[in-house]
Each structure stands twice: as C-alpha cells, then as structure tokens.
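Each chain gets a letter, A, B and so on, in the order the sequences are listed, and its residues count up from 1. Bear in mind that the values here come from a model prediction, so they are computed numbers and not experimental data.
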There are 2 protein chains.
Amino acid sequence: MRADAQRNREKVLQAASAAFAAEGLGVPVQEIARRAGVGTGTVSRHFPTKESLFEAVVLSRVEPLIDRARSLTATRDAGDAFFEFFAHMVDQGALDRGLAEAFAGAGFDMEGAALKAGYDVGATFRELLTRAQQAGAVRPDVDITDVKALMFGCLTRERGQAEPAARDRVVTVVRDGLRAHPAQAI
Amino acid sequence: MRADAQRNREKVLQAASAAFAAEGLGVPVQEIARRAGVGTGTVSRHFPTKESLFEAVVLSRVEPLIDRARSLTATRDAGDAFFEFFAHMVDQGALDRGLAEAFAGAGFDMEGAALKAGYDVGATFRELLTRAQQAGAVRPDVDITDVKALMFGCLTRERGQAEPAARDRVVTVVRDGLRAHPAQAI
DNA sequence: TGACAAGCGGGATGAGCGTCCCGGATATTA
DNA sequence: TAATATCCGGGACGCTCATCCCGCTTGTCA
C-alpha cells in the first residue's frame with residue numbers, strides 16, 4: 001500500500017472515531033470525509049460501505065473491553081469482576097455515543113461484527129454473570145439479556161452530558177437490585 | 001368539516017397509531033397512507049407535518065397514563081403508587097414501540113408536546129417519586145432522570161418480543177435497587 | 001337535482017444520504 | 001528523471017422520504 005494511502009486511511013479512521021464518539025453512528029460519511037480533510041471517494045475506497053467503517057471503529061473499542069473482562073476475571077472474585085466490568089462498560093458507553101448505540105444494536109450488529117473478528121462479547125459477558133451468580137453475588141433469576149437491558153438504561157442516563165456522579169448513582173441502584181436475593185427482596 | 005374528511009382523518013389516525021405501535025416512529029408517511037387506504041395528500045392535509053401526526057398519536061397514549069398516575073396517587077400509599085406506575089409505564093412502552101421511542105426522546109420531544117397540550121408528564125412522575133421518597137419507600141439519593149433512565153432500560157429489554165416474564169424480572173431488579181437504602185446497601 | 005365548495009389521489013419536487021466512477025495527480029521504482 | 005501503477009477529489013447517480021400541488025371527484029345544501 002502506498003504511504004499516502006496509509007496516511008489517509010488513518011486520518012479517516014481517526015475522524016470517524018471522533019465523530020461517532022461525539023455524535024453517534026448517524027454522522028454522514030461526507031461529514032467524516034470533510035473532517036478528515038479528504039474526499040468522499042477516499043473514504044469509500046478504504047471502507048467500501050459505511051458498515052465497514054463501523055466495524056473498524058467499533059471493533060477497536062471492543063478489543064480493550066474484552067481485555068478488561070479477562071483481566072478482571074483473573075484478578076478479582078466473581079462478584080467484583082462482574083460489577084466492575086458492568087461499571088466499566090457503562091463508563092465507556094457514556095464517553096462514546098457511537099459505542100453506546102452499537103451496544104444497543106441501533107442500526108449495527110456489534111456482537112455479530114465482533115464475533116466475526118474473533119471476539120465473543122456475548123460469551124464473555126455471560127461468563128462473568130454466570131460466575132457471579134454461582135458465587136452468590138448476583139441473584140440467580142436474571143439472564144444476560146436482562147443485565148444488558150439494565151446496562152442500556154445506565155447508558156441512557158448519560159445521553160449527551162458527562163455527569164459521572166449521576167452515572168454512579170444509577171449503576172449503584174442497578175447493582176443493589178442485582179445483589180438482592182429474590183427471597184429476601186419481598 | 002365534511003363527513004368523509006372526518007372519516008378519513010380517523011382512518012389515518014388509526015393506521016398511524018397501529019403502525020407506530022408495531023414498527024416505531026420511523027414508519028414512512030406514505031406507508032401509513034397506504035395502510036389507511038388514502039393518498040399521501042390526504043394525510044398531509046389533516047396532519048401537515050409528520051410531527052403533528054406524532055403529537056396526535058402519542059398524546060392519545062399519554063392521557064391515560066396521566067389518569068393512571070392520578071388514580072394511583074389517590075388510592076395507594078406513596079411507595080406502591082410509584083412502583084405500580086413505574087411498572088405500568090414499562091408495560092405500556094413494551095406494548096407500543098412508538099411510545100417507547102417517544103419516551104426515550106428519539107426524534108420527538110414527547111414531554112414538550114404533552115406539556116403544550118396541558119399534560120405535565122415530568123411533573124406528574126416527579127411528584128410520584130418525591131412522595132415515595134418522603135415515605136421512605138425509595139432511596140433518597142436518586143433523581144427523576146435516574147428513574148427515567150432505568151425505565152428506558154426496562155423498555156429496552158422488550159425490543160420486539162413480548163415476554164412479560166422477562167419484563168417483570170427486570171422491573172423487579174430495578175425495584176429492589178430503588179428500595180435499597182444507600183447505607184444498608186454497602 | 002344542480003352548483004359549488006371541500007376534499008381526494010398520487011405524481012412532482014427537493015433535500016439528505018450512501019455509493020460509484022473517472023480525469024487528473026502523485027508516490028514509487030528502475 | 002521517466003514510466004507506471006496507485007490513489008485522490010468531488011461530482012454523478014440512485015434511493016428514500018417528507019411535503020406540496022393540481023386536476024378531478026364527491027358531499028352538501030339550496
């Protein structure tokens with residue numbers, strides 16, 4: 001690949017990354033080209049479809065998340081690993097609107113794309129949950145889809161403003177709810 | 001207004017209501033016209049913009065919600081009123097995708113539109129929360145925005161499938177989390 | 001029943017967007 | 001430096017969709 005092509009590809013990736021993070025996945029391709037200082041043709045050549053841009057940007061965000069999950073699994077007990085990962089996902093999603101939309105499956109199948117690249121986000125998260133439940137740290141009557149839904153709720157709180165205190169409040173409520181044992185909760 | 005005009009207006013409203021409930025607010029106006037069995041011009045005349053259609057349909061959903069809130073306030077203690085209304089909102093949103101999107105503020109300012117029509121959804125919900133907190137049924141360290149975010153999370157669980165058991169599970173988790181006292185939760 | 005205002009259908013219009021294409025420019029290699 | 005494969009810019013194209021408009025139809029009332 002020619003050196004200038006490599007440079008331009010990088011510029012596009014960076015502009016797309018920033019644009020998606022700030023405004024979400026709805027940013028027009030032409031706007032990304034403008035911010036990257038290249039023509040729309042250049043974007044199209046490096047990323048033939050908008051979805052391929054999504055993949056490149058979102059996957060670069062998913063990789064560290066998986067790493068974080070693995071590291072937490074190795075160094076914390078099951079309950080702490082689960083809740084810290086939960087909070088970390090919310091933090092990341094709050095900082096990056098595009099990532100939050102991808103989590104929510106709004107117009108892009110993140111898990112499918114990640115799986116194609118060898119990252120099984122679903123399985124990773126499911127394992128964290130199962131281990132936490134076996135350790136008695138999370139009530140046994142919730143499944144992974146429930147947890148994801150609660151995560152989206154926490155993310156929604158951050159629509160736009162970055163208010164870490166509010167984020168913590170909502171995460172705390174969810175954590176207390178997930179910890180409660182069904183029998184003792186009534 | 002001519003009788004046939006009145007009939008057509010009704011047909012459009014009903015078709016739009018069903019379409020928004022089933023597929024969300026993104027349904028094209030032309031599709032609504034087709035399902036109503038009228039031309040697009042007829043839709044445009046009765047509802048000059050798509051947003052005016054949103055208003056008409058969504059407001060017809062908001063009114064019973066407000067009624068429900070008032071009735072619960074009158075007949076239940078503060079905590080039950082709050083939690084029953086919360087569950088009811090989630091149920092309604094799960095049955096009606098358009099309503100859920102409007103709650104989430106996706107492309108349409110429901111609260112603003114409702115306020116224009118004399119329904120202060122925000123104030124109604126806030127009062128329920130405040131009373132529940134004063135009664136000690138809800139932890140004092142959450143605000144109305146937190147609660148809304150958690151509600152959106154519960155709604156997200158229902159994206160598409162109607163699985164009331166899952167809905168209950170998530171609502172239960174949130175309820176237990178909201179009940180927990182901050183001091184005893186640690 | 002006849003005249004006319006009110007209403008109807010659906011094509012026209014224009015905006016926004018993703019994707020494709022090509023004439024010109026540029027990096028690379030000998 | 002000359003030749004060539006590669007890459008660039010940005011306009012063209014096709015699509016979707018909301019909104020507007022006009023020639024024709026139909027309900028209404030004297």
Side-chain angles (χ1 to χ4, degrees), chain A residues 1-58 97-98 101-102 105-110 112-113, chain B residues 1-58 97-98 101-102 105-110 112-113:
Chain A
M1 187 189 287
R2 250 167 61 173
D4 57 342
Q6 180 78 28
R7 263 197 313 275
N8 276 327
R9 198 191 133 92
E10 214 50 45
K11 283 199 287 185
V12 169
L13 256 182
Q14 216 164 331
S17 182
F20 290 153
E23 276 119 78
L25 302 179
V27 179
V29 173
Q30 328 211 358
E31 176 63 18
I32 290 169
R34 203 187 56 76
R35 295 193 199 178
V38 304
T40 61
T42 303
V43 177
S44 283
R45 200 166 333 95
H46 289 298
F47 306 96
T49 66
K50 197 176 184 182
E51 196 163 317
S52 61
L53 241 187
F54 289 164
E55 283 185 21
V57 172
V58 171
R97 183 161 165 187
E101 289 177 11
F108 174 59
D109 174 20
M110 187 202 66
Chain B
M1 188 190 286
R2 248 168 63 172
D4 57 341
Q6 180 77 29
R7 263 199 311 277
N8 276 326
R9 198 191 133 94
E10 214 50 45
K11 284 199 285 186
V12 169
L13 256 182
Q14 217 165 331
S17 183
F20 289 154
E23 276 120 77
L25 302 180
V27 179
V29 173
Q30 326 211 3
E31 177 63 18
I32 290 169
R34 203 187 57 77
R35 295 193 199 178
V38 303
T40 60
T42 302
V43 177
S44 282
R45 201 166 333 97
H46 290 298
F47 305 95
T49 67
K50 197 175 183 182
E51 196 164 316
S52 62
L53 241 187
F54 289 163
E55 284 186 20
V57 171
V58 171
R97 185 162 164 187
E101 289 177 12
F108 174 60
D109 175 20
M110 187 200 67

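Atom CZ in R35(A) sits about 17 Å away from atom P in dG10(D), given to the nearest Å. Nucleotide dT26(C) holds its C1' atom 17 Å from the CD atom of Q6(A), rounded to whole Å. Across the protein-nucleic acid pair, M1(A) atom CE and dA5(D) atom C1' stand 15 Å apart, rounded to whole Å. Across the protein-nucleic acid pair, E23(B) atom CD and dC17(D) atom P stand 12 Å apart, rounded to whole Å. Summarising the geometry, the separation between CG on L53(B) and P on dA18(D) is reported as 10 Å, rounded to the nearest angstrom. Following rounding to the nearest Å, L25(B) (CG) and dC17(D) (P) show an atom-to-atom distance of 14 Å. Here the C1' atom of nucleotide dG9(D) and the CZ atom of R9(A) are 19 Å apart, to the nearest Å. Computed from coordinates, the F47(A) CZ to dC8(D) C1' distance equals 16 Å when rounded to whole Å.
In terms of phosphate contacts, R2(B) brings no side-chain nitrogen or oxygen within less than 4.0 Å of OP1 or OP2 of dA5(C). Within the structure, a side-chain polar atom (N or O) of H46(B) is placed less than 4.0 Å from OP1 or OP2 of dC8(C). Between T42(B) and dG9(C) there is a side-chain polar atom (N or O) within less than 4.0 angstrom of OP1 or OP2.
The heavy-atom pair separating V27(B) from K50(B) by the smallest distance is O-NZ, 2.8 Å.
Comparing dG18(C), dT28(D), dC8(D) by their nearest atom to the side chain of N8(A) picks out dC8(D). Distances were taken from every side-chain heavy atom of R45(B) (C-beta onward) to each of dT19(D), dG27(D), dG7(C); the shortest belongs to dG7(C). For K50(A), counting side-chain heavy atoms from C-beta on, the closest listed nucleotide (dG18(C), dC8(D), dC8(C)) is dG18(C). In this structure, of dG9(D), dT19(D), dT19(C), it is dT19(D) that holds the atom nearest to the side chain of T49(B). Checking dG18(C), dA18(D), dC20(C) against the side-chain heavy atoms of P28(B) singles out dA18(D) as nearest.
F47(A) places a side-chain heavy atom less than 4.5 Å from the side chain of L13(A). Annotation: side chain of V57(A) is not in contact with side chain of L25(A) (no heavy-atom distance under 4.5 Å).
A salt bridge does not link R7(A) with E10(A): every distance from a Lys NZ or Arg NE/NH1/NH2 to an Asp or Glu carboxylate oxygen is 4.0 Å or more.
Remark: the T40(B) side chain and the dG11(C) base include a donor-acceptor N/O pair separated by less than 3.5 Å. Within 3.5 Å, a donor on the side chain of Q30(A) pairs with an acceptor on the base of dG18(C), or the reverse.
Nucleic acid contact for G26(A): none, since no nucleic acid atom lies under 4.0 Å from a heavy atom of the residue.
Two rings, from F54(B) and F20(B), have their centers less than 6.0 Å apart.
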